[in-house]
Undergrad: 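Once you've had a glance at the structure underneath, I'll fire off some questions.
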Amino acid sequence: MREVNELLNLDDPAWPLLLQELSDADVPVEVLPGDAVRGRAALLQLQISARSNLGGIALNCGGLLVDSGWLRIYGSPGGVDGETLPGLAEVNAMPSTFDPAWRAGTGLVVAHDVLGGVFVLNGGNLREAGRPGEPGEIIYFAPDALGWEALGVGHSAWLSWVLAGGLRDFYGDLLWDGWRTEVAALNGRQGLSFFPPLWSAEARQDLAAASRRAVPMAELLQLSSDACRQFDGVDPGFLGAV
């Protein structure tokens, strides 16, 4: 178990290089102000160093809003309230004070998208949880398919892919005319609920014709979880506490 100073006092922290990558990104990215105390607490609880991009984000910012907030990558925000982006600690239900026995279970939720999709950094016990991929790999819960898929990369490579514009091809037909305006109007704890649902044949045939409304992200995640159990008899597991 490493002390917080061991995680912070490094000659090669990731944040300066990551800031350059953020400034050169091929997509709009807003870097939210962070809380240094929360950031240090997150690093200590997760036992990750400031040398990693994950640690750099958790320590130095309140999160990243990619493409007008289509993707929300979690950090350590200051002044958390009912509308601002939650932090990595809150989303993963970390203890309020350091607990050496706490673990992120099958994985750490690192980001949500506005559709209720979930990006998770795989932990252990994946086979028992019925999740794909390997430890340390990013996997994605797709709300249009009601299932998990492995992305084949770790956190740093995934982040570089996001910043290089990889999300446009990834979401493909799930982007509609005017999506950016609708997404930009949401607060950090809201997503978009579709009717018919994204996983339905009707939505797949004509997504633009589906109605959309802003709902709490917690409600969106619960709807997906309930649908998984109802139609496939499978519990998707922890999707984040928002």
Undergrad: Examine distances only and state if a side-chain atom of S52 and a backbone atom of S49 form a donor-acceptor pair shorter than 3.5 Å.
TA: yes
Undergrad: According to side-chain contact (heavy atoms from CB on, under 4.5 Å), who are the partners of A150, at least two apart in sequence or on a separate chain?
TA: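 A150 satisfies side-chain contact (heavy atoms from CB on, under 4.5 Å) with P132, E137, I139 only.
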Undergrad: Kindly compute the distance separating CZ (R131) from CD (E149), expressed to the nearest 0.5 Å.
TA: 13.5 Å
Undergrad: Around atom CZ of F98, are there more than 12 heavy atoms of other residues, nucleotides or ligands at under 6.0 Å?
TA: yes
Undergrad: Hey, could you give me the CD/OG1 distance between Q45 and T97, rounded to the nearest 0.5 Å?
TA: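 These two atoms lie 8.5 Å from each other.
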Undergrad: Looking at L115 and P143, what are the two nearest heavy atoms and their distance?
TA: O-CG, 3.6 Å
Undergrad: Can you list the steps and then say if D113 with Y171 is a side-chain contact (heavy atoms from CB on, under 4.5 Å)?
TA: CA-CA 10 Å; D113 63 42; Y171 289 103; 2.6 Å; yes
Undergrad: Would I57 and L88 count as a side-chain contact (heavy atoms from CB on, under 4.5 Å) if you check the C-alpha gap in whole Å, the side-chain angles of each, and the deciding distance to 0.1 Å?
TA: CA-CA 10 Å; I57 292 171; L88 192 65; over 6 Å; no
Undergrad: Counting N and O atoms only, with roles assigned by atom type, does the side chain of D144 sit under 3.5 Å from a partner on the main chain of L198, one being a donor and the other an acceptor?
TA: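 Checked: no pair found.
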Undergrad: Which atom names give the shortest non-hydrogen contact between D26 and A164, and what distance separates them?
TA: OD2-O, 3.3 Å
Undergrad: Would you compute the distance between atom OG of S193 and atom CE of M217 and round it to the nearest 0.5 angstrom?
TA: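 If I round to the nearest 0.5 Å, the distance is 11.0 Å.
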Undergrad: So do V66 and I73 actually touch side chain to side chain, heavy atoms under 4.5 Å?
TA: yes
Undergrad: Just to verify, what does W148 make a ring-ring contact (aromatic ring centres under 6.0 Å, His included) with, not counting sequence neighbours?
TA: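 ring-ring contact (aromatic ring centres under 6.0 Å, His included) list for W148, sorted by chain: F141.
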Undergrad: Please table the atom pairs, donor to acceptor, closer than 3.5 Å between any side-chain atom in residues 231-242 and protein atoms at least two apart or in another chain.
TA:
| residue | atom | partner | partner atom | Å |
| --- | --- | --- | --- | --- |
| D235 | OD1 | R229 | NH2 | 3.2 |
| D235 | OD1 | G237 | N | 2.9 |
| D235 | OD2 | R229 | NH2 | 3.4 |

Undergrad: Quick one: side chains of residues 151-162, donor-acceptor pairs under 3.5 Å with protein atoms, not counting sequence neighbours, listed by atom name and distance.
TA:
| residue | atom | partner | partner atom | Å |
| --- | --- | --- | --- | --- |
| S156 | OG | N53 | ND2 | 3.3 |
| S160 | OG | E21 | OE2 | 2.8 |
| S160 | OG | S156 | O | 3.3 |

Undergrad: I'd like to check L71 versus F119 (side-chain heavy atoms, cut-off strictly below 4.5 Å). Are they in contact?
TA: yes
Undergrad: Any chance the rings of W176 and F194 have centres within less than 6.0 Å?
TA: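 Yes, ring centres under 6.0 Å apart.
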Undergrad: Can you run down the ring pair (Phe, Tyr, Trp, His ring centres under 6.0 Å) pairs that involve residues 23-65, sequence neighbours left out, and say none if there aren't any?
TA: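 Qualifying pairs, neighbours excluded: none.
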Undergrad: Hey, could you give me the CH2/CZ distance between W199 and R204, rounded to the nearest 0.5 Å?
TA: 9.0 Å
Undergrad: Of all residues at least two apart in sequence or in a different chain, which pass the side chain to side chain donor-acceptor pair (under 3.5 Å) check with W102?
TA: none
Undergrad: Does any non-hydrogen side-chain atom of L108 lie less than 4.5 Å from one of L54?
TA: yes
Undergrad: Only counting residues at least two apart or in another chain, list the ones meeting side-chain contact (heavy atoms from CB on, under 4.5 Å) with A218.
TA: none
Undergrad: Return the set of residues passing side-chain contact (heavy atoms from CB on, under 4.5 Å) with P16 (not counting sequence neighbours), or none when no residue passes.
TA: P13
Undergrad: Just by distance, do the side chain of N92 and the backbone of M94 share a donor-acceptor pair under 3.5 Å?
TA: no
Undergrad: Walk me through whether V215 and L223 qualify under side-chain contact (heavy atoms from CB on, under 4.5 Å).
TA: CA-CA 11 Å; V215 300; L223 287 171; 5.7 Å; no
Undergrad: G56 and W15: which non-hydrogen atoms are nearest, and at how many Å?
TA: O-CE3, 3.5 Å
Undergrad: Using a 3.5 Å distance criterion without hydrogens, assess whether the side chain of Q47 forms a donor-acceptor pair with backbone atoms of M1.
TA: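 Not at all, since once roles are kept as given, no pair shorter than 3.5 Å links the two residues.
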Undergrad: Show the atom names and distances, to 0.1 Å, of all donor-acceptor pairs under 3.5 Å that link a side chain in residues 32-43 to residues at least two apart or in another chain.
TA:
| residue | atom | partner | partner atom | Å |
| --- | --- | --- | --- | --- |
| D35 | OD1 | V37 | N | 3.0 |
| D35 | OD1 | R38 | N | 2.8 |
| R38 | NH1 | P77 | O | 3.0 |

Undergrad: Considering only residues two or more places apart or on different chains, which pairs with a residue in residues 89-99 satisfy salt bridge (Lys or Arg N to Asp or Glu O under 4.0 Å)?
TA: E90-R189
Undergrad: Applying a strict under-4.5 Å side-chain criterion to I, L, V, M, F, W and Y, I'd like to know whether L220 and F195 cluster together.
TA: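 No, L220 and F195 fall in different hydrophobic clusters.
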Undergrad: For the atom pair CG (N187) and OG1 (T84), what is the distance rounded to the nearest 0.5 Å?
TA: 8.5 Å
Undergrad: Under the side-chain hydrogen bond (donor to acceptor under 3.5 Å, both in side chains) definition, can you give me all pairs with a residue in residues 66-79, not counting sequence neighbours?
TA: D67-R168, D67-R180, S68-R180, Y74-H112
Undergrad: Would you compute the distance between atom CG of L18 and atom CG of L163 and round it to the nearest 0.5 angstrom?
TA: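 Reported value, rounded in 0.5 Å steps: 7.0 Å.
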Undergrad: Do the non-hydrogen side-chain atoms of V31 and L64 ever get within less than 4.5 Å of each other?
TA: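 They are in side-chain contact.
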Undergrad: Applying side-chain contact (heavy atoms from CB on, under 4.5 Å), name anything that partners Q20, two or more places apart in sequence or on another chain.
TA: S23, D24
